[in-house]
Amino acid sequence: MDLEDSETASPMNISTPINSQQQQDQGQDQDQEQMPLQRGLLDSQPLGVTIAVNLENAPEDIRAGLAHIVESHNVPYLVRQNETSAEWRVSFEHSNEVAAGAYEVRSAVDAQLLVRYNRRIDAFRALGQVLTAARAAELGAAAANNDAAAESTLRAPAFGIEETAQFETLALMIDCSRNGVLSLHNVCAMLRQMALMGYNMLQLYTEDTYRVDGEPFFGYLRGGYTQAELRAIDDYAYGLGIEVVPCIQTLGHLGQMLQWPRYSGLRDTNEVILSKLPETYALLEKLIATVSAPLRSRRIHIGMDEAYGVGEGRFRALFGSHEGTAIFVEHLERVHEICKQHGLRPMIWSDMLFCLAAKNNALYAYYDQSNNPAEAFSKVEGIPPDIDLVFWDYYHTLPEIYARKIQQHRELGCENPWMAGGAWTWSRMWCYLPFSFESNRASLAAAKSPTGRVSSFMLTIWGDEGNECDFFSALPVMLYVANHAYTDRVEINIDFMENTFAAICGGSLGDWMYACRIDEIPSLGDSPDLRSQMPSNMSKWILWEDPMLSFMSPQYDALDLEAHYTQIADRLLGCALSSAPGGRYPLNRLLRMPGLLARVLSLKCHLREKLVRPYRLGDRAALLQTAETRLRPLLEAQRELWLYHRSRWMRIYKPFGWETLELRYGGLMARLSTMYDRIVAYSLQQSRTSLRRSRAIGVTAGVRSRQPSTSQDLPSTISAFGCEDDLWRKPAPLLPPDPDPLSSVYSNNGSGIGPLGEEDDSIVDSIPELEEDLHCIYENSYTSLLLDYARVTTPSRLG
């Protein structure tokens with residue numbers, strides 16, 4: 001299937017797709033709201049095509065994988081050959097006449113389709129494109145002039161598809177070390193999606209999340225994969241033509257292990273293991289042997305990225321001062337020797353080669369175009385020639401930047417480096433698709449160019465900062481990269497992307513792109529600052545910032561984020577409600593997460609500002625009304641977000657690691673409850689004793705909002721704890737206060753403070769936090785900031 005050139009300059013332009021009429025209107029009104037790409041087919045419309053897969057006569061090497069996909073595909077196009085008289089019937093034939101990496105689909109009489117392939121993965125890619133063709137036929141039938149033409153379009157698949165892979169290896173790496181360890185069921189679900197797209201390698205990034213006999217504190221209470229689980233993953237992947245490669249760490253990023261006393265003797269720094277020590281290599285050999293044993297692959301990723309401070313901790317105390325490059329290469333050679341003994345070919349992330357040569361741990365040193373480490377490493381023995389270097393860059397949007405770095409890798413002696421791009425899932429709540437498309441477009445263009453061409457491309461899905469993001473929100477990026485990997489063109493047709501995403505994944509690309517607006521500035525479009533190339537994660541830091549202090553709010557006080565997030569919530573929650581199993585867009589139900597998040601943000605974004613105004617005017621009645629109409633619904637919305645996030649986590653990950661995020665939710669709900677109680681006590685001029693029991697307890701138990709943010713009320717997961725509507729019209733009744741255990745022993749000394757410092761029962765007469773003026777911390781940045789949880793929860797640093 002030939003891809004047509006996109007009319008747009010790059011996929012970044014489809015962040016909020018609009019049609020031609022909207023473009024014309026937008027010229028008259030720059031502030032007009034853009035609408036997402038139209039789906040073309042409604043979720044409720046029945047499928048016009050069913051596709052029968054001939055499993056009984058399928059080649060043995062793909063039969064099991066085809067059965068998995070037919071039985072589990074969430075858009076019900078596919079059926080078994082003997083179950084129905086389907087409109088289209090697909091057969092498969094392995095052929096050495098077809099070039100490796102290529103496949104072809106040909107139509108014949110009686111709605112027969114024949115797929116001819118060489119590599120197994122290309123057979124599954126071909127099936128994904130047949131699904132896409134089925135959806136395209138439905139669209140064609142919908143646009144037909146008469147019923148006869150529509151019927152002909154659906155019943156006679158007169159088309160041919162030919163594609164050739166641009167890479168020998170198209171890999172996906174999934175982070176299973178930042179709290180979230182994908183369950184076996186969901187690894188298999190991801191493998192099926194990968195196969196239909198054309199990925200032929202999976203790497204599960206496991207720093208310490210795999211079990212090692214005799215090492216109880218390696219991955220302690222982290223939900224690591226067992227040997228049986230890894231073997232089951234490998235078997236399932238093998239049936240789909242996918243190679244599973246272990247992806248571990250053997251130098252840096254080992255802080256999870258090194259924190260325990262059992263491994264204190266192996267610690268160079270908090271994150272870096274101690275090289276030179278024999279005990280270190282005994283342990284590393286045990287790790288390598290364990291993680292590779294249940295897998296068929298004879299390749300292994302041994303990490304070694306971001307090993308900042310290597311040789312500068314206990315290493316220096318034990319062995320003296322050594323050049324960082326020499327320490328790194330010696331350690332690499334010893335780990336390499338272990339891999340050789342186990343018949344494994346290793347690969348490493350390449351950043352430390354550049355950072356050590358520049359004597360600079362910042363990412364800038366890695367990406368600095370003038371920093372070529374070839375000279376520095378020529379002074380040592382060099383890198384073993386059979387180690388593959390993986391060049392990772394998720395930040396740039398110009399192909400020439402990637403091409404120059406690829407050449408520098410070749411000058412290091414690695415003639416065929418890997419290129420790794422990223423789906424922007426880390427440190428955010430939803431994958432940011434526009435910048436993921438743009439950065440991968442540039443890296444893929446360089447990787448496919450005549451001068452920069454490489455044979456292996458990897459897409460990474462990272463979960464830094466607690467793994468708050470649902471990894472399945474990266475499916476459009478996976479599809480975008482895969483489509484690029486099967487064409488030599490630079491651009492991907494957007495209509496084709498919409499059809500493939502709907503047919504293969506079961507989601508509406510326009511709706512999923514719309515969800516990315518939670519991290520975009522209203523009316524300004526894409527959030528990345530072209531200078532920093534760091535897409536904002538504003539939805540995350542607005543969610544977690546302390547509600548009473550709200551010290552990040554000056555960054556957005558000139559924007560109407562309330563209207564912005566209300567509109568997003570209404571749209572996404574409506575999409576989630578309209579999706580249904582067996583429909584066209586069953587995956588749209590995942591939009592409930594960004595929809596619930598947007599509803600919380602619509603209530604939280606300008607909260608402090610709305611409280612400060614009546615407080616400073618002394619209008620206690622208005623302050624109380626704001627607490628009742630804004631803060632209490634926020635508590636309920638926050639609880640619903642927590643409950644849904646929890647249910648989603650338990651569905652796709654192992655339970656280990658959720659405690660990190662639950663502590664964040666619990667902390668935020670406690671702060672909101674305290675905020676509400678103090679405002680009510682102040683507004684009603686009540687005593688400090690009243691603060692010992694929360695007025696917000698009814699809300700935190702699950703009070704439903706009086707004014708839902710969508711026209712259709714969501715089915716509440718907490719309706720069993722609902723309270724009457726009149727609770728929203730007056731403060732919740734106070735529970736009896738706990739008696740002060742000191743009150744019967746010590747009397748007030750007239751100062752208002754008891755002899756042990758306990759306060760008396762005085763009236764709450766001020767809220768000091770609302771008296772402080774706020775200042776903009778990051779001037780001229782607005783919301784174009786990528787911030788972590790610790791930065792925004794409190795301005796105080798622990799001493």
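Just so it is clear, the values below take in all heavy atoms, side chains as well, and ignore hydrogens, waters and symmetry mates. Every value quoted in this text rests on a predicted model; they were computed, and no experiment measured them.
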Where do Ser427 and Trp462 land on the side-chain contact (heavy atoms from CB on, under 4.5 Å) test, with the steps shown first? CA-CA 9 Å; Ser427 197; Trp462 295 104; over 6 Å; no
Could you go through the side-chain hydrogen bond (donor to acceptor under 3.5 Å, both in side chains) check for Tyr220 and Gln259 one step at a time? CA-CA 11 Å; Tyr220 184 50; Gln259 67 175 312; over 6 Å; no
Between Arg178 and Glu207, does a side-chain contact (heavy atoms from CB on, under 4.5 Å) hold up when you go through it step by step? CA-CA 9 Å; Arg178 272 41 176 251; Glu207 293 173 356; 3.9 Å; yes
Could you please spell out the steps behind the side-chain contact (heavy atoms from CB on, under 4.5 Å) verdict for Met419 and Met458? CA-CA 6 Å; Met419 180 73 238; Met458 179 191 299; over 6 Å; no
Yes or no on side-chain hydrogen bond (donor to acceptor under 3.5 Å, both in side chains) for Glu545 and Trp541, after CA distance, side-chain angles and deciding distance? CA-CA 6 Å; Glu545 73 167 332; Trp541 53 259; over 6 Å; no
Dump the intermediate steps for salt bridge (charged side-chain N to carboxylate O under 4.0 Å, His left out) on Arg648 and Asp470, then the final yes or no. CA-CA 8 Å; Arg648 183 66 186 150; Asp470 186 334; 2.6 Å; yes
Please report the C-alpha distance between Phe435 and Thr397 in whole Å, then the side-chain angles of each, then the deciding distance to 0.1 Å, and finally whether the side-chain contact (heavy atoms from CB on, under 4.5 Å) criterion is met. CA-CA 9 Å; Phe435 192 75; Thr397 57; 3.8 Å; yes
Please walk me through it: do Glu468 and Trp544 pass side-chain hydrogen bond (donor to acceptor under 3.5 Å, both in side chains)? CA-CA 12 Å; Glu468 296 155 316; Trp544 297 130; 2.8 Å; yes
Please step through side-chain hydrogen bond (donor to acceptor under 3.5 Å, both in side chains) for the pair His253 and Glu306, ending with a clear verdict. CA-CA 7 Å; His253 284 297; Glu306 298 178 335; 2.8 Å; yes
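How far NE2 of His645 is from CG of Leu643: 12.0 Å, rounded to the nearest 0.5 Å. Separation of atoms CE (Met534) and OG (Ser781) is listed at 13.0 Å; rounding is to 0.5 Å. Between Met197 atom CE and Leu459 atom CG the span is 10.0 Å, to the nearest 0.5 Å. If you take CG on Asp268 and CG on Leu258, they are separated by 9.5 Å, rounding to the nearest 0.5 Å. To the nearest 0.5 angstrom, Arg334 atom CZ is 13.5 Å from Cys339 atom SG. Annotation: the span from Ile652 atom CD1 to Ser647 atom OG amounts to 10.0 Å, rounded to 0.5 Å.
Here the shortest heavy-atom pairing between Ile121 and Gly241 reads CB-O, 3.9 Å. In plain terms, the two heavy atoms of His396 and Asp393 that are nearest each other are ND1-OD2, 2.8 Å. What you find for Ile387 and Cys414 is that their closest heavy atoms are O-SG, 4.5 Å. Scanning both residues, Arg410 and Glu415, for their nearest heavy atoms gives NE-O, 2.8 Å. Residues Leu389 and Ser350 approach most closely at CB-CB, 4.2 Å, considering heavy atoms. Nearest heavy-atom pair across Cys176 and Thr209 is O-OG1, 2.9 Å.
By the neighbour-count criterion of 12 heavy atoms within 6.0 Å, atom CG of Asp235 is densely surrounded, having more than that number from other residues, nucleotides or ligands. Other residues, nucleotides and ligands place more than 12 heavy atoms under 6.0 Å from the CZ atom of Phe319. For Tyr238, the OH atom counts as loosely surrounded, since its 6.0 Å shell holds 12 or fewer non-hydrogen atoms of other residues, nucleotides or ligands.
For Phe354 and His409, the gap between ring centers is short of 6.0 Å. Aromatic rings from Tyr205 and His301 are positioned such that their centres are separated by 6.0 Å or more. Ring-centre distance between Trp418 and Phe167: not below the 6.0 Å cut-off. In this structure, Trp392 has its ring center under 6.0 Å from that of Tyr394. Side-chain rings of Tyr366 and Trp349 stay apart, their centers remaining 6.0 Å or farther from each other. Taking the six-membered ring for Trp and the full ring otherwise, the centers of Tyr210 and Tyr225 sit at least 6.0 Å from each other.
Under 3.5 Å, the side chains of Glu243 and Ser297 contain a donor-acceptor pair of N or O atoms. If you check the side chains of Asn467 and Tyr653, you find a donor sitting under 3.5 Å from an acceptor. Checking Thr794 against Asp546 by side-chain atom types alone, no donor-acceptor pair falls below 3.5 Å.
Using cut-offs of 30° and 60° on the angle between ring planes, the pair Tyr281 and His331 is tilted. Taking the six-membered ring where the residue is Trp, Tyr402 and Phe391 present tilted rings, their angle falling between 30° and 60°. Ring geometry for Tyr236 against His68 counts as parallel: the plane angle stays under 30°, on a 0 to 90° scale with 60° as the upper cut.
Two residues are said to be in side-chain contact when any heavy atoms from C-beta on lie closer than 4.5 Å; Ile542 and Met552 fail this criterion. Considering only heavy atoms from C-beta on, Leu191 comes within 4.5 Å of Leu202 through its side chain.
Remark: Arg651 is not positioned above the aromatic ring of Trp649, lacking an NZ or CZ atom under 6.0 angstrom from the ring centre and at most 45 degrees off the axis. A cation-pi contact, defined as under 6.0 Å to the ring centre and within 45° of the axis, is absent between Arg262 and Phe217.
Under the 4.0 Å criterion applied to side-chain N and carboxylate O atoms, Arg211 and Glu229 are not assigned as salt-bridge partners. Between Arg296 and Asp234 there is a salt bridge, since at least one side-chain N of the basic residue sits less than 4.0 Å from a carboxylate O of the acidic one. Under a 4.0 Å N-O distance rule, the pair Lys340/Glu333 does not qualify as a salt bridge. Asp208 and Arg222 are joined by a salt bridge, as a carboxylate oxygen and a charged side-chain nitrogen come within less than 4.0 angstrom of each other. Salt-bridge annotation for Glu465 and Arg428: absent, with no side-chain N of the basic residue lying under 4.0 Å from a carboxylate O of the acidic one. The residues Lys359 and Glu323 are annotated as salt-bridged, a charged nitrogen and a carboxylate oxygen being separated by less than 4.0 angstrom.
A side chain to side chain donor-acceptor pair (under 3.5 Å) with Asn372 is found for one member of Gln407, Glu411, Gln408 and no other, namely Glu411.
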